[in-house]
Amino acid sequence: MKKIVFTGGGTAGHIYPNLAIAEELKGFEMHYIGSHGMEEDIVKKFGGISFHEIETVKFDRAHIFKNALLPFKLLKAVTAAKKVLKEISPNVIFSKGGYVSVPVARAAKKLGIPVITHESDLSMGLANKLIARSAKAVCTTFYETSKLNKNYIWTGQPIRRGILSGDRSKVLAKIGYSNKPIILFVGGSLGSVRMNELLKDPSFLTKGFTVIHAVGKNNISSISVQPGYFPLAYLDPIADFYAAADLVVTRAGSGVINELLALKKPMLMLPLSKAASRGDQIENAKLFSKLGYGEMILDENLSQEKLSQTIEKMFKNINFYKKNLQKAGVNEANEKIIKLIEKFS
């Protein structure tokens with residue numbers, strides 16, 4: 001039986017696309033190389049994949065002098081990854097980028113193991129810029145990204161099939177039937193501090209809408225339930241909440257916004273500022289706004305008033321967004337990537 005190693009981590013957006021491919025890939029013994037923490041927790045819950053831990057290094061953009069020892073730490077991580085790869089002897093590696101993937105890809109190059117990498121965002125992240133130099137294929141979520149290099153291949157974003165089969169009625173049973181439109185605020189597994197601040201008093205929205213808000217598991221104890229407002233530690237399963245929502249308010253990470261695109265859900269994107277990221281979410285949100293899939297509010301313009309005005313505007317023109325979302329067609333990323341895996345393994 002052929003063997004594949006998945007790698008990528010640092011955020012759930014690097015992990016779940018790997019698992020989207022893993023759950024549909026047939027005829028492979030599957031392994032995952034990652035760091036202790038988020039990757040290990042999520043992959044082990046998924047099942048059917050052997051997890052291998054290595055120490056990893058991350059470039060610190062905020063504190064540049066902390067990177068002085070980075071080359072030495074990277075060399076140590078590459079050595080560890082090389083040892084694991086020799087033990088597994090995989091036919092191919094599929095990488096989702098992130099700092100976890102760099103030592104694995106470098107070790108694979110030394111061992112002559114083909115690497116396929118995937119870039120989720122509109123612009124290439126640092127890890128994938130490094131990996132792309134020796135990768136057999138560089139897959140991109142956005143068509144625009146594939147035009148950056150003749151060797152890049154537009155596949156789209158891998159999507160977990162379960163996302164597409166949510167049950168709206170299960171959420172309505174939990175919160176009670178509502179005759180108001182439902183707005184879902186998705187703040188990620190840890191929540192969004194900015195969203196939580198904005199919805200500290202949600203009454204500016206609950207007069208006209210039912211609000212479901214993922215506040216993060218560490219914040220739920222400090223949030224009070226109010227009429228028409230339902231704060232939750234996390235959304236499980238998130239597919240049901242997507243199905244229940246008439247509008248989703250989210251950051252602009254590629255994973256979530258492409259899940260919403262696949263579901264044809266209008267979205268209001270609140271991208272992380274350049275002070276908190278490399279600006280990739282702003283680029284993602286600008287493109288999706290331009291294509292008419294939703295609207296965006298930059299962090300420096302974000303307020304309760306601006307949020308309320310934009311939501312009201314979107315519901316008045318909701319059919320405009322739905323029409324544009326339908327034009328996007330069907331997501332076939334999983335099938336395209338699996339074909340590349342089979343080709344290079």
Side-chain angles (χ1 to χ4, degrees), residues 9-16 35 37-39 41-42 58-64 66 98-99 120-121 125 175 182-206 209-226 228-236 238 241-242 245 247-260 265 267-286 288-289 294-311 314:
T11 69
H14 290 114
I15 304 166
Y16 282 119
S35 62
M38 185 179 289
E39 299 101 80
D41 293 342
I42 294 174
K58 183 179 182 181
F59 183 76
D60 192 331
R61 296 175 187 272
H63 306 93
I64 199 73
K66 288 186 177 181
Y99 61 88
S120 289
D121 293 307
I175 69 171
I182 295 175
I183 304 173
L184 175 65
F185 282 79
V186 180
S189 58
L190 299 178
S192 163
V193 173
R194 197 79 170 93
M195 283 188 196
N196 292 356
E197 289 173 349
L198 286 164
L199 294 176
K200 196 168 185 179
D201 178 7
S203 60
F204 72 102
L205 286 178
T206 53
F209 306 98
T210 295
V211 176
I212 302 174
H213 177 198
V215 301
K217 60 184 179 182
N218 296 328
N219 305 313
I220 190 67
S221 60
S222 63
I223 305 291
S224 58
V225 178
Q226 299 181 34
Y229 173 68
F230 301 90
L232 300 168
Y234 51 88
L235 306 174
D236 186 27
I238 195 170
F241 289 90
Y242 280 161
L247 173 71
V248 180
V249 182
T250 180
R251 290 299 195 183
S254 179
V256 173
I257 64 174
N258 276 283
E259 287 176 347
L260 297 175
K265 287 283 177 181
M267 62 193 88
L268 173 52
M269 295 160 284
L270 314 178
L272 285 169
S273 68
K274 286 190 176 181
S277 70
R278 63 181 176 87
D280 48 298
Q281 290 198 7
I282 295 174
E283 293 172 341
N284 295 346
K286 281 183 177 178
F288 268 36
S289 299
E295 299 290 339
M296 67 174 283
I297 305 175
L298 293 174
D299 196 68
E300 57 265 32
N301 300 326
L302 190 53
S303 66
Q304 286 188 343
E305 183 180 9
K306 181 66 174 177
L307 188 63
S308 179
Q309 288 174 350
T310 306
I311 288 172
M314 289 189 70

Discussion item. Rounded at 0.5 Å granularity, tell me how far CD1 in I175 sits from OH in Y229.
Written reply: 13.0 Å
Worksheet item: Hey, does L184 have a side-chain heavy atom less than 4.5 Å from the side chain of V249?
Response: no
Fill in: Between CE on residue M296 and CD on residue Q281, distance to nearest 0.5 Å
10.5 Å
Discussion item. Rounded to the nearest 0.5 Å, what separates atom CG in L260 from atom CD1 in I257?
Written reply: 8.0 Å
Item to complete: Supply the atom-to-atom distance F209 CZ to I182 CD1, rounded to the nearest 0.5 angstrom.
Response: 12.0 Å
Discussion item. Side chains of L307 and L268, heavy atoms from C-beta outward: is any pair under 4.5 Å?
Written reply: yes
Fill in: Main-chain N/O of Q304 paired to S308 side chain as donor or acceptor, under 3.5 Å
no
Practice prompt. State, to 0.1 Å, how close L298 and P271 come at their nearest heavy-atom pair, and which atoms those are.
Written response: CD2-CG, 4.3 Å
Discussion item. Do L302 and L198 have side chains that approach each other closer than 4.5 Å (heavy atoms only, starting at C-beta)?
Written reply: yes
Practice prompt. Please lay out, stage by stage, how V248 and V186 fare under the test side chain to side chain contact (heavy atoms under 4.5 Å, CB included).
Written response: CA-CA 7 Å; V248 180; V186 180; 3.8 Å; yes
Worksheet entry | F185 vs L205 side-chain heavy atoms within contact, under 4.5 Å | yes
Worksheet item: Does CD belonging to E300 count more than 12 external heavy atoms closer than 6.0 Å?
Response: yes
Item to complete: Please examine the side chains of H213 and P202, heavy atoms only from C-beta on, and report whether any two atoms are closer than 4.5 Å.
Response: no
Fill in: Non-hydrogen side-chain atoms of I183 and I311 separated by less than 4.5 Å
yes
Worksheet entry | Gap separating the CE atom of M267 from the CZ atom of R251, nearest 0.5 angstrom | 16.0 Å
Discussion item. Quick check: do T210 and F230 have side-chain heavy atoms less than 4.5 Å from each other?
Written reply: yes
Discussion item. I need the minimum non-hydrogen distance between G294 and M269, along with the two atoms involved.
Written reply: C-CE, 4.3 Å
Discussion item. Looking at K265 and A245, would you say the former's side chain and the latter's main chain have a donor-acceptor pair under 3.5 Å?
Written reply: yes
Practice prompt. With side chain to side chain contact (heavy atoms under 4.5 Å, CB included) as the test, would you mind laying out the steps for Q226 and T206 before giving the verdict?
Written response: CA-CA 9 Å; Q226 299 181 34; T206 53; 5.8 Å; no
Discussion item. Between S254 (side chain only) and S120 (backbone N and O only), is there a donor and an acceptor less than 3.5 Å apart?
Written reply: yes
Worksheet item: CG of L235 to CZ of F241: how many Å apart, nearest 0.5 Å?
Response: 5.5 Å
Worksheet item: So, do D121 and R278 sit near enough that their side-chain heavy atoms are less than 4.5 Å apart?
Response: yes
Discussion item. Test your reading of the model: is there a side-chain donor-acceptor pair from R194 to the backbone of L272, 3.5 Å cut-off?
Written reply: no
